[in-house]
Amino acid sequence: MSAGRFIAVMIISLILGFAGLNLFMRATLEGVRLDLTEGQLYRLSPGALAMIDRLDEPVSLTFYYSRSEAAHYPAVRAYGARVRELLRTLAARSGGRLILQEIDPAPFSAQEDAAIAAGLSPLPTDDGGQIFFGLTARNAIDEARRIAFFDPRDEARLEYEIVRAITELERARTPVIAIATSLPLAPARGGTASNPIIADLAETFQIVWLDQDFDAIPAEADALFLIHPEPLTAGQTYLVDQFVLARGRVLAAVDPLSHYALKPGPDGLPPLRARRDSDLGGLLAHWGVLFDVNTVAMDAEAGLPVQIQEAGRTRMRAYPLWFSVPPAGLDRDLPAVAALSRGINLGSPGALSPAPGLEDRFSALIQTGPGAGRLDVDRAAASPSPEDIMRVYAPALDAPLVLGARVSGRFASAFPEGPPAGEGLFAPGDHLAQSDVSAEIVILADSDLFDPAFFLRNDPVQGQQLVADNLALVLNLADWLAGDPALVGLRARASSARPMVRVDRLRSEAEARYLTLEDQLQASLQDAEARLAELSRTGRASALGGVDGAGTSEAEALRATITDARARLREIERGFRVEIDALERALMIWTLWIPAGGVILLGGGFGLYRRWRRP
């Protein structure tokens with residue numbers, strides 16, 4: 001066989017062998033996945049696996065994705081690949097119970113009409129087209145759920161949204177949550193909720209709002225939420241007590257100082273009946289929890305940045321009364337909080353502690369750092385400055401302080417003698433003296449965590465962005481108490497974005513260094529300009545004022561100072577740009593030229609070595 005024919009046969013054999021190997025791998029290893037990414041981006045969570053394993057009937061998933069249109073938008077294209085891979089992983093793991101179909105709806109096609117009829121929301125493009133990027137899920141009896149659009153900004157909730165759409169198809173009924181609150185959380189009559197937490201709860205649960213003077217808790221309620229409630233009457237306290245004994249699922253958010261309740265309305269005034277504090281009367285103590293409404297917790301090391309006016313300038317300073325609890329301060333044993341990755345932002349929360357002798361049923365869910373302290377609530381209500389707070393700041397002897405707790409077990413009634421006297425609505429024969437079920441009660445010592453200002457940031461380019469896991473915390477707790485435990489832990493998966501951490505850190509350090517110098521020069525410049533303006537008003541900034549030369553000399557010195565400060569500011573800006581450019585050049589050298597040069601040198605060295613060894 002000639003050399004040319006041999007090479008041709010080898011090339012054809014390699015192509016056929018490669019194609020055959022691919023067909024064999026596709027037939028035998030379709031469901032096998034190896035995830036080597038940081039944070040295990042493509043590995044299904046335990047909740048998703050539990051959902052798949054309990055599916056009794058097939059569910060059809062139709063993924064509408066305008067691939068050709070999305071090709072012009074790198075961010076959408078990359079996220080489309082992420083969504084497709086996750087859907088394929090779910091389908092492969094399901095053993096045929098999840099049937100996946102991908103459709104690329106062409107303009108003016110039957111597929112585009114089907115996507116619109118399914119309720120998907122297309123994204124308009126710059127050239128007048130539109131990108132469909134959503135999902136429909138349908139079960140055997142033709143019930144349907146949809147995800148109207150996969151927003152790349154919600155990547156952390158991607159797996160949760162898909163799993164929720166599937167679980168809603170296979171559950172018998174929608175869980176019910178009864179909510180009693182004095183906060184502006186309830187939607188307007190016939191409208192949708194403006195609060196993101198309540199809006200998301202309403203997508204998964206049936207919400208029943210209890211009036212201020214409620215005299216019953218719906219029998220179908222799976223959980224009861226008491227969110228900064230009005231003071232409970234004796235009858236309402238009895239209703240909560242009996243609900244705990246009968247159903248045992250309660251979330252209570254109490255607060256010594258609720259900024260959310262006191263937030264001004266459109267008229268610039270707080271609501272008429274707004275209360276700054278809330279508790280549950282004697283119920284907390286009965287459940288074994290101590291809560292003091294006269295003090296608030298503060299944490300100087302975790303303070304959130306706030307804008308303050310200082311010497312006529314706006315600055316960002318850490319505010320110890322408003323702080324973030326990092327993931328390290330969350331209970332790692334309860335999935336509802338263990339999966340959170342951004343931390344929880346709180347505003348002037350209270351502190352909880354177990355009652356003596358009842359420590360065994362009390363467990364901390366949210367805790368401060370070891371340097372946290374307490375402050376009198378009246379002093380905190382006066383909106384002290386960060387400097388005023390730090391002057392009196394002292395770490396608490398019992399730090400870290402507990403800001404959220406879980407109380408578990410069976411309870412006796414807080415009304416051992418039966419319904420309260422004078423409450424004729426209750427039949428003594430229906431009274432429960434002991435728990436029918438083991439109760440799970442969650443107490444959060446802050447209501448401001450429900451305020452969107454504490455967990456959402458409005459970006460002029462990217463819109464609203466989550467900066468804390470307040471929303472995921474409440475929804476996870478709702479699923480744990482009343483919903484589907486499989487959804488717990490799915491809301492805060494890591495993002496696939498992999499920033500250049502070292503470069504960002506070096507850039508931040510350079511910015512901080514130059515901004516410090518710039519602030520100092522700006523302060524000096526403003527002081528000099530203010531003094532020069534004062535001299536000008538009094539006529540002492542010029543020799544024409546007819547006074548001695550002291551004022552004129554000072555004015556000349558100030559002008560020289562201003563000129564010099566402006567020149568140094570320009571020099572600082574140029575220096576910052578030079579340093580950043582140098583960093584980018586060094587990065588390019590190390591990532592592009594060094595590896596390529598190394599390969600060339602290695603190849604050249606190997607060639608020289610072979611030539612040297614050749615006899």
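Fair warning: this is a prediction, and the values are worked out from it, not measured in the lab.
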### Query
Taking Q212 for the side chain and S182 for the main chain, is one N or O donor matched with an acceptor at less than 3.5 Å?
no
Closest non-hydrogen atoms of P218 and A178, given as atom of the first, atom of the second and distance, are CD-CB, 4.2 Å
Quick one: does any side-chain atom of D469 pair with a main-chain N or O of A472 as donor and acceptor, under 3.5 Å?
no
State, yes or no, whether a side-chain contact exists between L280 and L226 at a heavy-atom distance under 4.5 Å.
yes
Would you kindly say whether H72 and T125 are connected by a side-chain donor-acceptor distance under 3.5 Å? no
- Item | Under 3.5 Å side-chain donor-acceptor pair for Q206 and T174 | no
Closest non-hydrogen atoms of R164 and D200, given as atom of the first, atom of the second and distance, are NH1-O, 4.1 Å
- Message: Using a 6.0 Å distance limit plus a 45 degree cone around the ring axis, check whether R84 lies over the aromatic ring of Y79.
- Response: no
Measure from the side-chain N and O atoms of S324 to the backbone N and O of P326, and report whether any donor-acceptor pair falls under 3.5 Å. no
Taking the six-membered ring for Trp, are the ring centroids of W322 and F454 within less than 6.0 Å of each other?
yes
When rounded to the nearest 0.5 Å, the distance separating CZ of F205 from CG of D479 is 4.0 Å
- Query: Around atom CZ of R361, are there more than 12 heavy atoms of other residues, nucleotides or ligands at under 6.0 Å?
  - Reply: yes
Under 3.5 Å, is there a donor-acceptor pair between the Q101 and S60 side chains?
no
Review point. Will you find, in the side chains of D241 and S413, an N or O donor that is under 3.5 Å from an N or O acceptor?
Key: yes
Residues P196 and L456: closest non-hydrogen pair is CG-CD1, 3.7 Å
Basic-acidic side-chain contact under 4.0 Å: D448, K263:
no
Smallest heavy-atom separation, L98 atom then L90 atom, equals CD1-O, 3.8 Å
**Prompt:** Is a side-chain donor or acceptor of S258 paired with a backbone partner of A261 at a separation under 3.5 angstrom?
**Reply:** yes
Q: Would you check if L135 and T62 make a side-chain contact, meaning some heavy-atom pair closer than 4.5 Å?
A: no
Requested in this report: Carefully, step by step, assess R406 and D333 under the rule salt bridge (charged side-chain N to carboxylate O under 4.0 Å, His left out).
Outcome: CA-CA 12 Å; R406 166 191 178 189; D333 296 327; over 6 Å; no
- Would you indicate whether the side-chain heavy atoms of W209 and P187 approach each other to under 4.5 Å? yes
- [ ] Give a yes or no answer on whether the side chain of E230 reaches the backbone of R275 with a donor-acceptor pair at less than 3.5 Å.
- [x] no
Heavy atoms of V59 and A137 approach each other most closely as CG1-CB, 4.2 Å
Item to complete: Could you give me the CA-CA distance, side-chain angles and deciding distance for T136 and R138, then say whether side-chain hydrogen bond (donor to acceptor under 3.5 Å, both in side chains) is met?
Response: CA-CA 7 Å; T136 62; R138 195 175 298 274; 5.5 Å; no
Rounding to 0.5 Å, atoms CZ (F225) and CG (L477) come to a distance of 7.0 Å
**Report entry** Enclosure of D56 CG (heavy-atom neighbours >12, cutoff 6.0 Å)
**Finding:** no
Would R54 and E170 pass as an ion pair if we require N to O under 4.0 Å?
yes
Here the gap from D277 atom CG to H228 atom NE2, rounded to the nearest 0.5 Å, amounts to 7.0 Å
Rounding to 0.5 Å, atoms OG (S408) and CG (L334) come to a distance of 9.0 Å
Sidechain-backbone polar pair: D211 side chain, D213 backbone, donor-acceptor under 3.5 Å:
no
Of all heavy-atom pairs linking A246 and L432, the shortest is CB-CD1, 3.8 Å
Look at the side chain of R410 and the backbone N and O of D436, then say whether any donor-acceptor pair between them is shorter than 3.5 Å.
yes
When rounded to the nearest 0.5 Å, the distance separating CD1 of I344 from CG of L473 is 4.5 Å
- Salt bridge or not for R247 and D222, using N-O below 4.0 Å? yes
dist L120:CG -> S66:OG (nearest 0.5 Å) comes out at 9.5 Å
- Message: For a 4.5 angstrom cut-off between non-hydrogen side-chain atoms, does Y260 reach P452?
- Response: yes
Pair R145 + E168: basic N to acidic O under 4.0 Å
yes
Do you see a donor-acceptor pair shorter than 3.5 Å between the side chains of Q130 and E112? yes
Measure up the F133 and F63 rings against each other and bin them: parallel (under 30°), tilted (30 to 60°), perpendicular (over 60°). tilted
Hey, are the side chains of T237 and L283 touching, using non-hydrogen atoms and a 4.5 Å cut-off?
yes
Margin query: For a 4.5 angstrom cut-off between non-hydrogen side-chain atoms, does P271 reach P184?
Written below: no
Salt bridge (Lys or Arg N to Asp or Glu O under 4.0 Å) pairs touching residues 174-183, sequence neighbours excluded, are none
What I want to check is whether the side chains of T368 and D299 have a donor and an acceptor closer together than 3.5 Å.
no
